[in-house]
Structures are given as structure tokens and as C-alpha cells.
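In the text below, chain A, chain B and the rest are named by the order of the sequence lines, each starting its count at 1. When reading the values below, keep in mind they use all heavy atoms of this one structure, side chains included, and skip hydrogens, waters and symmetry mates.
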Protein chains: 2
Amino acid sequence: MTIPASQNWDCETAARLVTERSDILPILGEVFREHGVEGASLSTITEATGLGKGSLYHFFPGGKDEMVEAVLAEIGDWFEQHVFQPLETTDDPERAVNDMLDAVLDYFHSGRRGCLIGALSLAKTRDSFSEPIQLYFKRWLKTLARALERLGHSRKRAKELSEMIVLGIQGALVLARASDDRAIFTRAIGRLRTDVAPVG
Amino acid sequence: MTIPASQNWDCETAARLVTERSDILPILGEVFREHGVEGASLSTITEATGLGKGSLYHFFPGGKDEMVEAVLAEIGDWFEQHVFQPLETTDDPERAVNDMLDAVLDYFHSGRRGCLIGALSLAKTRDSFSEPIQLYFKRWLKTLARALERLGHSRKRAKELSEMIVLGIQGALVLARASDDRAIFTRAIGRLRTDVAPVG
DNA sequence: GTCTATAGATCGATAGAC
DNA sequence: GTCTATCGATCTATAGAC
């Protein structure tokens, strides 16, 4: 059985007989988060996914590097859909920012889950990963600053606030995980929520 | 003990014939910062330090794990001496906090240098390292909150501010390195400096 | 103390049966 | 598409000469 035990699927319909690449990306992400990219061996991945090396190389001919790229791309897609796009399109800018913080709170499991992209930033072992990482943060800062401008902040202040927020989220993740105290993360998100209060 | 490898010493006096354990700790630290703990192989370390495996195991019989522990201990000592103790003993609390930010700015090379402890926090591969990491941040938060109290902040506000500051430093490091933009780090430190302005 | 040589395990990656 | 078997490379760690 190649379906992870934790994942639900409709038992009434036919069970999935074929594994899809997209099914194992979340598992890969968790493995990389937990062990680090270099610390996650193919044996670890094999065990976590329930797939043999043959299958893994069928989906990712480029090996572990391609797995990392795929995971990063998936994370980027998730944030594009659940964070960046809403920031751009939501009419009420205050709601847009609050929704973003909710999405972040949810994504990082209230601080229990680490940030793979942040971890890769600190130990930049590969230049091949630095481009998507750079784009990820750049897009986040940009869309957030735009929303803050619509909230009434000056362009300069909006840029500064966006930096404070993204940086605050990353730092809260580091400190919360290091201290093994999720409350640090939730408290930080709460503070950010009030910091961006609309001007006037 | 804290001499970086790049530092010159008086060539007139006798060159060091014996290597001391403390001499290679800074090099080990940089290697772990750059490649990550799992990504730094003994070959990498051998090349960086110029020492053979025999010498490395002479100094660190416990292998790489002991090297990491020693590096963490050295970092802890450095912060104890240059950050925590000054925070506790400097008479003027405002100067104490400002000196701390200066020390941090210097230690992380204005954002060019990553935080090994922060990196280890995000990918907590070993429980053996989590204790010194936890203590490091706990002590930082404690001594900083004390200084902020002496600055006139309430106990609660001081605790909150200390969290914001430590978390802000870590987040600024992540974002600055991910964006390859040191200005993000220096700007963040500047903001923290004004955030802790004495009350009244 | 420092080196080289090497053991033993594990790594990433491939080949081929089914 | 998935598995097992296996390769060569690399890893950590040790042994022993100097």
C-alpha cells in the first residue's frame, strides 16, 4: 500500500492504486523539515513515504535535489494561492492582512512546524535553491506591502512594516521551536495583527 | 579562544607548533554555519581545518557530535561574556541594551553570518543539542527582560519586548540571508534600538 | 599530535524482474 | 509503477606508524 496512513480518501470509491507525485510531496516536505535536507537520506525518505528507491527515482529522476526543488515549488504554489493572491485580490485590505496571518498560523501549525525555506536560508548549502527562496520572500514582501499601502500606510512605512512582519514570522518560528513553546509563535502573530492596524 | 582563523598573529614570535582545541572551534563553527551540521562531512572539516582525521578525533573523541557540542558551548560562552553578562552588570540599562545590539551586529557580521543555533532550531535533528539551544535563548530572554525592567518597563512589557527583540534578530538573519541583503538586518537592528526607548 | 591506511557502514543512484 | 539487488562512492570511526 502506497497511501500514507494519515491521509484519508474516499473508501467508497476505488482505492488509489497508483501513487501520484503530488501525493508524496507533503511527506517529503515533512521529512526535510524534520531532518534537514542533508540529514534526510534516501533510506529515511523510503521509510517515510513507503516507496522504494525505484519508485522515488521514477518520480524524481534528478534524485534528492529534484525532490527538494519540487517541494519548494509546492510550498511556493501553496503560498501563492493561500497567501499572495488573497493579499492582492481581497477587497478589504485589513481583512487581507488578517487572513494572511490566519493562513500562516495554520500553515505552521501554530509554531510546531518549522519553515523549510527559512531553514534552507540559514545554511545555504546550494546555490540552486537560493533563487526560488529569494523569489518566495520577495513576492511575500511585495504583496504584503501593497496591501499595507491600501490600508493607508505610506509607501515607505508599508515597506518597513512588511519587512517587520515577514521577519517577525520567521523569527517567531525559530524562537518557538528552539524554546519548544508554541505560545511564543501565537503571541508574536497576535502582536503583528495589532501592529498593522489601519492608520487614522 | 575566540580568535577567528583569519586573524593575524605576531610572526616575530614563535609560530604555534601545537594546535589547541580552542583554535579550531571557530573554524568548525564557520563550516557548520556554511554547510549545515549534516552537510559538513569530515572531509570538509579536514580540508577547512588543515587537520587530519587522527587529529580531529584526538581533540573530539566523540566525533562530529562532540564537535557540534563544543562549538555550541563556545558560542554560549561568547554570548555569556559579551551579551548576557553586560546586560546584567552594566549600570545604565539603556546603554546595556544598545551595547547588546552592537555586539549582535558585530557577531553576525551585519547579517552576512548565519546563526548556527537558529539553524539547528529549525531542523531539530538531535535532541542532544536541544538543551543547550533552549538554555541559550532562555538566558538571553531573561537577562534582556531584566535590563528592560530597569529601563522602566513593566515586568510584563519587558518580557514581551525581550521576546520581540530576540525573535526580531533571528528573523532578520533569516530574511537577510534569504534575500542576500544585509541592509535588512541592519535596518531591523536599528528599529529594535528605537523600540526599546526608555519609558517616560 | 599528526599523519596515512583502512575497516565497516551507509550513501545516492542504477539495473532488471515483475 | 514498484520492487529487490547491487554498484561504486562517500561517510564516520579506528588502528598504527612516526
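Put simply, the side chain of A:Ser179 never gets that close to the backbone of A:Asp181: no donor and acceptor are under 3.5 Å apart.
In this entry the distance linking CZ of A:Phe60 with P of D:dG1 reads 13 Å, nearest Å. To the nearest angstrom, P of C:dG12 lies 12 Å from NE2 of A:His35. What separates CD of B:Glu47 from P of D:dT12 is a distance of 14 Å, to the nearest Å. For the pair A:Met67 CE and C:dC11 P, the interatomic distance rounds to 13 Å; values are reported in whole Å. As a whole-Å value, the separation of A:Leu42 CG from D:dC3 P is 14 Å. Between the CD1 atom of B:Ile45 and the C1' atom of D:dC11 there is a distance of 11 Å, rounded to whole Å. The nearest whole Å value for the distance from the CD atom in A:Glu66 to the P atom in C:dA13 is 11 Å. In this structure, CZ of B:Arg21 is placed 14 Å from P of C:dT2, rounded to the nearest angstrom.
Contact between the side-chain N/O atoms of B:Ser55 and the OP1/OP2 oxygens of C:dC3 is found at a separation under 4.0 Å. In this structure, B:Ser41 does not reach the D:dT10 phosphate: none of its side-chain N or O atoms is under 4.0 Å from OP1 or OP2.
Classified by interplanar angle (parallel below 30°, tilted 30° to 60°, perpendicular above 60°), the ring pair A:Tyr107/A:Trp78 is tilted. By the 30° and 60° cut-offs, the orientation of the rings of A:Phe79 relative to A:Phe84 is tilted.
Counting any heavy atom pair closer than 4.0 Å across all strands shown, A:Lys53 reaches a base atom. B:Gly54 comes within 4.0 angstrom of a nucleotide base, judged by non-hydrogen atoms across all strands.
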Yes or no on side chain to side chain contact (heavy atoms under 4.5 Å, CB included) for A:Lys64 and A:Phe32, after CA distance, side-chain angles and deciding distance? CA-CA 10 Å; A:Lys64 211 162 72 167; A:Phe32 289 143; 4.2 Å; yes
